[in-house]
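One structure is given here, and the rest of the page talks about it.
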Amino acid sequence: KQYLKIERVNDKLDSFRFSLTKATDSSARRATAERNRAAFTKRYGNSLLLSRLSDTQVGKIAKADAKYQKAQARLQEQMAKITREMRSAASEAGEAEGDS
């Protein structure tokens, strides 16, 4: 039984920062850009490169990463399907050999 509840405080702070930015800034676009920048920093680390990228560039990188992740997931599903088929064929071959 788990006695302690572990929560990621940074996620709550990021959410709060997003809400505060959205409430104080009339532009929801700015709040979204801030959230995207925070997600980018969390994923790739805080580096000098990040400070040189525009919000548009960060968005493009995030979009490309999402596209890559989708393609990777699709390929992993295909690999898992092929693996299952190969194991099934090997199992059937083993059973047929055992019956002989």
Side-chain angles (χ1 to χ4, degrees):
K1 186 172 182 179
Q2 186 177 3
Y3 294 101
L4 297 175
K5 183 177 180 184
I6 300 171
E7 295 182 22
R8 288 188 47 94
V9 177
N10 288 342
D11 291 342
K12 287 186 176 187
L13 290 174
D14 289 342
S15 176
F16 178 73
R17 181 183 305 135
F18 173 75
S19 298
L20 185 63
T21 302
K22 189 174 178 182
T24 56
D25 191 358
S26 62
S27 172
R29 187 177 348 169
R30 182 68 200 142
T32 302
E34 182 68 30
R35 184 177 61 194
N36 290 342
R37 189 169 285 275
F40 185 88
T41 301
K42 186 180 207 180
R43 186 168 187 88
Y44 300 108
N46 193 7
S47 66
L48 294 175
L49 175 65
L50 180 61
S51 63
R52 295 179 186 165
L53 295 176
S54 69
D55 291 339
T56 304
Q57 290 170 322
V58 170
K60 286 181 180 180
I61 291 171
K63 194 178 210 180
D65 184 53
K67 186 176 179 181
Y68 170 80
Q69 295 296 332
K70 271 187 178 180
Q72 182 182 19
R74 188 176 63 248
L75 290 173
Q76 284 179 333
E77 287 175 17
Q78 289 175 354
M79 286 174 31
K81 180 182 175 190
I82 291 169
T83 301
R84 285 191 303 272
E85 290 171 356
M86 289 174 56
R87 286 182 179 160
S88 176
S91 175
E92 289 171 5
E95 288 175 4
E97 194 174 290
D99 290 342
S100 312

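In this text, all values refer to a predicted model and were calculated from it rather than measured experimentally.
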Hydrophobic cluster mates of Tyr68, side-chain heavy atoms under 4.5 angstrom, ILVMFWY only, any path? none
Residues at least two apart in sequence or cross-chain that pass side-chain contact (heavy atoms from CB on, under 4.5 Å) with Gln76, listed by chain then number, are Gln72
What residue pairs, at least two apart or across chains, pass salt bridge (Lys or Arg N to Asp or Glu O under 4.0 Å) with a residue in residues 71-94? none
Side-chain donor-acceptor distances from residues 60-67 under 3.5 Å, at least two apart:
{"residue": "Asp65", "atom": "OD1", "partner": "Tyr44", "partner atom": "OH", "Å": "3.3"}
{"residue": "Asp65", "atom": "OD2", "partner": "Arg43", "partner atom": "NE", "Å": "2.8"}
{"residue": "Asp65", "atom": "OD2", "partner": "Arg43", "partner atom": "NH2", "Å": "3.3"}
{"residue": "Asp65", "atom": "OD2", "partner": "Tyr44", "partner atom": "OH", "Å": "3.3"}

